[in-house]
**Student:** 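One structure, as structure tokens, below. Some questions next.
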4 protein chains.
Amino acid sequence: MRELPVQLATKLYGAAELIADQGLDNTKIDDIAEASGVPKATLYYYFTGKEEILAFLLKDLLTAIAGDVAVAVSAEGPASERLAGVVRAQLGVMLRNPAPCRALVGDLGRATRLPELAAALSAAFYEPVEKLLREGAEDGSLRRAEDPMSEAVMIFGTVTIAGLMEAIMGAHREMDAIANGVARLLLDGLAPRTLDATGA
Amino acid sequence: MRELPVQLATKLYGAAELIADQGLDNTKIDDIAEASGVPKATLYYYFTGKEEILAFLLKDLLTAIAGDVAVAVSAEGPASERLAGVVRAQLGVMLRNPAPCRALVGDLGRATRLPELAAALSAAFYEPVEKLLREGAEDGSLRRAEDPMSEAVMIFGTVTIAGLMEAIMGAHREMDAIANGVARLLLDGLAPRTLDATGA
Amino acid sequence: MRELPVQLATKLYGAAELIADQGLDNTKIDDIAEASGVPKATLYYYFTGKEEILAFLLKDLLTAIAGDVAVAVSAEGPASERLAGVVRAQLGVMLRNPAPCRALVGDLGRATRLPELAAALSAAFYEPVEKLLREGAEDGSLRRAEDPMSEAVMIFGTVTIAGLMEAIMGAHREMDAIANGVARLLLDGLAPRTLDATGA
Amino acid sequence: MRELPVQLATKLYGAAELIADQGLDNTKIDDIAEASGVPKATLYYYFTGKEEILAFLLKDLLTAIAGDVAVAVSAEGPASERLAGVVRAQLGVMLRNPAPCRALVGDLGRATRLPELAAALSAAFYEPVEKLLREGAEDGSLRRAEDPMSEAVMIFGTVTIAGLMEAIMGAHREMDAIANGVARLLLDGLAPRTLDATGA
DNA sequence: CATGAATGAGCTTTCATTCAT
DNA sequence: CATGAATGAAAGCTCATTCAT
């Protein structure tokens with residue numbers, strides 16, 4: 001994959017929606033060419049094939065998530081609050097980029113098979129959150145996790161599915177409302193707090 | 001789609017793995033024919049096409065989940081315990097059927113576009129869990145949800161991702177360990193219980 | 001390559017001319033399909049690709065040559081006369097099948113790269129002729145060759161080029177005239193027979 | 001086709017091998033660019049296309065043959081000896097330039113279709129040899145040919161195939177040995193000389 | 001003068017699907 | 001009822017070629 005001229009990269013985003021709607025396999029290269037305004041042969045000049053185009057789009061999304069998550073993770077304050085920040089960050093990126101985000105999920109299987117994506121996802125999310133969970137155990141704002149990695153994975157799953165629901169349904173709720181709902185589930189769980197000192 | 005001879009149905013499961021590994025679009029009908037030992041033309045005699053084969057496989061899985069979930073939901077005891085049972089039920093089916101389960105996720109996008117599947121998923125999971133959440137609010141074992149439907153969705157996401165991790169990684173942990181981890185996250189959350197009277 | 005129905009094989013000969021005229025690379029699969037009346041996809045059902053079609057056509061030709069050459073080689077009489085018979089046999093096949101014959105030459109390079117063809121050629125021509133040369137040395141009708149294999153190759157070259165000239169030019173001379181010219185060159189050489197007891 | 005800088009011409013010979021190995025059609029312009037180290041666009045600056053590059057390479061070869069053949073033809077001595085010289089000359093050029101030589105044969109079909117090549121070949125070989133045959137008939141060192149042109153063609157074929165065998169096999173015999181074998185076949189034929197006054 | 005970047009025009013190949021047996 | 005054989009319809013990808021710099 002050749003170095004992409006920015007202008008071309010920009011045009012490509014126009015195709016993300018298409019892929020999200022139809023799935024990559026139902027999206028012909030011609031469609032991508034037409035939707036993006038980039039000639040088919042030019043796409044092949046820069047990419048090895050269809051998959052690489054999708055990978056590029058998704059990597060871009062993950063990079064964005066990674067960036068915002070990183071900011072949230074290394075903010076000031078107790079880990080629990082920073083975790084809520086992480087949730088907000090991921091949801092924010094997802095709601096701002098619904099198309100690639102739907103594409104990511106629609107082709108989760110394929111994404112699973114793109115090794116560099118798995119790595120990118122891990123770096124973007126799992127590792128920082130895992131670190132955050134450990135810090136929370138130390139500052140006392142989070143309970144000590146038995147298996148931080150798998151907990152990080154579950155957190156990602158929860159946030160992702162929540163974000164997706166919105167992306168698919170067509171975002172009718174406020175981002176803050178969603179983020180709060182997710183954060184509350186993750187932090188407080190579904191069981192009632194007996195002596196409600198913690199509460200919301 | 002004609003009524004399937006059982007023997008044929010059985011053979012078909014052999015193809016689930018294939019679809020799970022490659023995604024439906026990368027799986028040619030010839031592949032399915034070869035993997036299952038059912039001649040291509042015979043597949044067409046019973047199914048309208050590839051999609052219908054996948055749908056058959058997935059519906060089977062969802063039916064299984066629905067059944068086990070239904071049992072867990074209508075068991076005895078407080079809603080919180082029954083919710084833990086639901087988690088165990090879903091994870092159980094997933095771990096026992098890793099291939100169709102991976103196929104379901106790998107082709108989530110398509111699944112989204114197969115209306116009867118969405119309906120089946122809703123019936124199998126969302127509705128019973130939503131009902132359970134309401135019951136929990138009444139018997140006091142669960143806090144009152146603000147938006148039970150979206151909470152049901154998140155629960156599904158969390159469990160699913162946890163199950164998938166195992167299905168993809170190749171199940172090395174005990175099913176109970178996973179189920180407990182998930183149930184604990186969902187019920188108690190990540191924050192420490194201030195006055196730990198509740199605990200697990 | 002699947003077993004070919006005879007009817008299909010027959011139709012294919014219609015394409016030989018085309019390939020001979022344009023060379024394989026300038027002959028599109030569509031052309032072959034149209035010229036032979038066999039649908040493109042059917043061609044692919046039986047052959048792996050364009051090359052295999054050419055290989056089939058050429059092998060057919062070589063089989064024909066091999067057959068006639070074999071007859072000539074194992075005829076009655078001194079080796080020298082049988083060698084003349086071989087020349088006539090090869091030229092005969094070539095003149096009767098000008099199209100595949102031109103194709104063979106036009107794509108000699110490719111033919112060189114089709115291993116099964118090299119083997120077929122060797123079996124069809126080199127080996128029988130080499131054997132014939134040895135027999136001639138014994139019955140005294142041919143001089144003892146220093147390197148029978150390379151002499152067999154040269155003989156093939158001479159006959160082939162002669163045959164090609166005719167195939168390309170469009171056969172204006174009698175087959176016998178050509179065969180006699182070639183046989184004479186091969187047997188008597190260009191030098192005058194000093195004491196012309198042998199002569200033609 | 002613009003006047004070629006020598007340095008560029010030199011680089012191009014590097015591509016002859018490639019073309020000889022794969023045939024022109026399987027050789028992409030990119031391959032030629034890479035093999036020769038000349039940028040693709042630069043090739044187009046000097047040549048009109050692929051064919052012209054091949055033509056350039058082959059013409060070069062034919063010019064070399066023509067030169068050496070001309071020298072041999074117009075040497076001193078009887079025509080029969082000069083004919084042997086011609087054989088040596090052609091074989092010499094072929095063995096010294098195996099790559100373009102294989103390319104010429106591999107693409108004989110195309111060469112046939114490149115009119116200027118046919119003309120060059122005729123001028124380089126057929127005409128001088130035809131003339132030589134006539135001279136031999138006059139000085140008594142060669143028998144009178146019935147059809148000198150077609151005999152010249154056969155001579156070319158014999159020598160060419162012999163040269164090719166070596167070029168393809170990877171030249172293991174001494175050039176002189178080959179030349180002598182060919183010359184002997186052409187001059188004396190395969191039949192034994194009854195009263196061997198002539199011999200080798 | 002030489003060339004990196006870009007692309008129009010096609011072609012091979014693949015597959016889902018049909019249907020006679 | 002089941003299936004081997006055949007094919008129509010598409011699509012991914014390649015490559016020769018151009019042109020602005």
**Student:** Roughly how far, to the nearest 0.5 Å, is the CG atom of D:L12 from the CD1 atom of D:I19?
**Tutor:** 8.5 Å

**Student:** Atom CG of B:D31 to atom C1' of E:dT14: distance rounded to whole Å?
**Tutor:** 12 Å

**Student:** For D:K28 and F:dT17, what is the distance between atoms NZ and C1' respectively, to the nearest whole Å?
**Tutor:** 15 Å

**Student:** If you assign B:A41 and A:A41 each to the DNA chain E nucleotide with the nearest heavy atom, which residue ends up on the more 5' nucleotide?
**Tutor:** A:A41

**Student:** Go nucleotide by nucleotide along DNA chain F from the 5' end; which of A:T27 and B:P5 gets its closest nucleotide reached first?
**Tutor:** B:P5

**Student:** Would you check, one step at a time, whether the test side-chain contact (heavy atoms from CB on, under 4.5 Å) holds for B:N97 with B:Y13?
**Tutor:** CA-CA 10 Å; B:N97 301 279; B:Y13 295 117; over 6 Å; no

**Student:** Could you tell me the separation between the CZ atom of B:R2 and the OH atom of B:Y45, rounded to the nearest 0.5 Å?
**Tutor:** 4.0 Å

**Student:** Roughly how many Å is it from CG in D:N26 to P in E:dT12, rounded to a whole number?
**Tutor:** 12 Å

**Student:** Scan B:K50 against the nucleic acid and name what it touches under 4.0 Å (heavy atoms): base, sugar-phosphate only, or nothing.
**Tutor:** sugar-phosphate

**Student:** Answer yes or no: is there a side-chain heavy-atom contact under 4.5 Å between A:P100 and A:D60?
**Tutor:** no

**Student:** Under a cut-off of 3.5 Å for both distances of each Watson-Crick or G-U pair, what dot-bracket string does DNA chain E give, using [ ] for crossing pairs and | for inter-strand pairs?
**Tutor:** .||||||||||||||||||||

**Student:** Need to verify one output field. Residue with the more 5' nearest nucleotide on DNA chain E, A:L8 or C:I29?
**Tutor:** A:L8

**Student:** Please check the phosphate of E:dC1 (OP1 and OP2 only) for any side-chain N or O of D:Y45 closer than 4.0 Å.
**Tutor:** yes

**Student:** More than 12 heavy atoms of other residues, nucleotides or ligands under 6.0 Å from CD of C:E52: is that the case?
**Tutor:** yes

**Student:** Are D:D25 and C:R110 within salt-bridge range, i.e. N to O under 4.0 Å?
**Tutor:** no

**Student:** Closest nucleotide of DNA chain F for A:D30 versus for C:R2: which of these residues is on the 5' side?
**Tutor:** C:R2

**Student:** Taking NZ from D:K40 and C1' from E:dA2, how many angstroms apart are they, rounded to a whole number?
**Tutor:** 15 Å

